[in-house]
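I have placed the structure first, in the form of C-alpha cells, so that the comments after it can refer back to it.
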Amino acid sequence: MNWAELDPKRQRKALILGAIVGVALLVLFWPARVSPKRLPGRPQVRQIRPLVRQVPKAAPRKPVPAAQTAVSPPLPKAVTGVALHAPAPPAATATAATPPAVIVPPALHAPFAELLGIYQGQETLGSRGACQMRLELRRNPDRQEGFFAFTRLVCTPPFQERATESKASAARAIDARQKAMNPTASILTGLAVGGSIQLRADSNIGVRDARDGCEITSLNVMPFGTRAIAVDWQEKQEGLCRGGQMVMNKTR
C-alpha cells in the first residue's frame, strides 16, 4: 500500500506519528553538554566604606571599696517538708496615728439598769391644781453609777382659782391662762445611793414664763413595782412652790 492509496485521515495519523518519532530521536542524540553563551561582563562596582567617627574610650571605673558595698544577707536554704514564711512587716512607727480608745462605761447594778427610760405621771398638788410630769432617765457614761434626768412639769390651777382670776380683769385672766399652759423644765445629774437615785438640778428652764414658776432643786427616784417609779422632788420655797411626790409609769 502506497501513500496515495491512504485516505486523508490515515495520512494525518502517519504524519503525527512520524513527527513524534523524529522528536524522540532528536532528543536522544542531542549532545549532553552545551557550552552556554558567555554574557558580556558587568562593570566592577567599587564599594565605598562609610566613614566611622572614632569615639574616645571611657576611662575605666574605679572599684568600690568593700566597706561601701551593700551585701544582702544569704537566703535560708530550703528545708524538706518545712515551709519558709516571708519576713514579718516592720512595726508601725510611733508617728502613725492610733485610733482613740473607746471608753465603755461599767454595767449598772440591778435594779437601776431597769429604770432607764421615759416616765409619765399625774398628781394633784394642793392649790397648784392637777400637775403632770414627764421624766426621762438616762445613763451618765462619764461617772460610774451616774445618771441624767430631764423633767417637764405643768400644773393646771383649780377651777375656783381660775374663776376668781377671771372676775378681777380680762387682761389678768388671759395672762393667767397663758402662763398656766407653759411648762417648766429641769436638767439634773446624780448617782445611785443605797436603793434610790439622788439627783441635783443643774439648770431650770421656763420658770419665768410659767404660772407658778417653781424651780426644782433636787429629785429622788426609787423603784416602784413593775415598770413604775416613785419620785420625790424639792423646789425653791417661793409662793406655792413646795415640791411634791408622784408615782410615774414607764411609757418607753
Side-chain angles (χ1 to χ4, degrees), residues 108 110-140 145-252:
L108 289 175
F112 301 120
E114 301 176 359
L115 298 184
L116 302 179
I118 300 176
Y119 296 84
Q120 191 79 26
Q122 180 174 346
E123 190 72 29
T124 301
L125 302 178
S127 59
R128 295 177 65 178
C131 297
Q132 295 181 353
M133 177 180 283
R134 181 185 184 273
L135 184 144
E136 181 176 354
L137 195 61
R138 294 183 185 178
R139 175 75 188 279
N140 184 357
E145 301 293 341
F147 294 88
F148 284 118
F150 306 90
T151 66
R152 181 176 295 180
L153 180 65
V154 60
C155 296
T156 303
F159 175 76
Q160 296 83 356
E161 189 171 346
R162 285 181 292 169
T164 303
E165 291 176 351
S166 62
K167 292 179 181 180
S169 66
R172 183 179 176 184
I174 294 174
D175 183 68
R177 284 197 298 268
Q178 291 178 348
K179 287 188 175 182
M181 298 173 59
N182 295 333
T184 58
S186 64
I187 301 174
L188 305 98
T189 56
L191 299 172
V193 179
S196 65
I197 302 174
Q198 300 180 5
L199 303 161
R200 297 292 176 181
D202 293 335
S203 61
N204 282 266
I205 304 168
V207 175
R208 183 185 59 184
D209 299 325
R211 178 179 178 273
D212 299 329
C214 297
E215 183 177 343
I216 293 180
T217 57
S218 63
L219 185 143
N220 293 340
V221 178
M222 295 171 289
F224 190 85
T226 304
R227 296 180 61 84
I229 58 174
V231 297
D232 180 5
W233 73 92
Q234 303 298 324
E235 296 173 340
K236 190 175 180 181
Q237 299 292 329
E238 290 182 359
L240 301 177
C241 303
R242 294 179 178 85
Q245 295 178 339
M246 185 181 297
V247 175
M248 308 182 70
N249 296 317
K250 191 173 186 178
T251 58
R252 283 191 293 175

Exercise for the section: Let me see the working for Phe224 and Val231 under side chain to side chain contact (heavy atoms under 4.5 Å, CB included), right down to the final yes or no. Expected result: CA-CA 9 Å; Phe224 190 85; Val231 297; over 6 Å; no

Practice task
To the nearest 0.5 angstrom, please state how far the SG atom of Cys155 sits from the CD atom of Gln122.
Solution key: 10.0 Å

Handout entry: Inter- and intrachain pairs under salt bridge (Lys or Arg N to Asp or Glu O under 4.0 Å), touching residues 228-237, at least two apart
Key = Arg128-Glu235, Lys236-Glu238

Handout entry: Pairs where residues 180-197 contributes a residue and the test side chain to side chain donor-acceptor pair (under 3.5 Å) is met, not counting sequence neighbours
Key = Thr151-Ser186, Thr189-Asp202

Exercise for the section: Please examine the side chains of Val221 and Leu219, heavy atoms only from C-beta on, and report whether any two atoms are closer than 4.5 Å. Expected result: yes

Problem - Minimal non-hydrogen separation, Ala149 against Leu137, with atom names - result: CB-CD1, 4.1 Å

Handout entry: Asn220: partners by side chain to side chain contact (heavy atoms under 4.5 Å, CB included), with sequence neighbours left out
Key = Gln198

Exercise for the section: Might you confirm whether atom CZ of Arg208 has over 12 heavy atoms from other residues, nucleotides or ligands at distances under 6.0 Å? Expected result: no

Problem - Spacing of Met222 atom CE and Ile197 atom CD1 [to the nearest 0.5 Å] - result: 11.0 Å

Fill in the blank from the handout: dist Ile216:CD1 -> Ile187:CD1 (nearest 0.5 Å) comes out at 11.5 Å

Practice task
State, to 0.1 Å, how close Tyr119 and Met248 come at their nearest heavy-atom pair, and which atoms those are.
Solution key: O-CE, 3.6 Å

Handout entry: Inter-residue atom distance Arg152.CZ - Gln132.CD, 0.5 Å rounding
Key = 12.0 Å

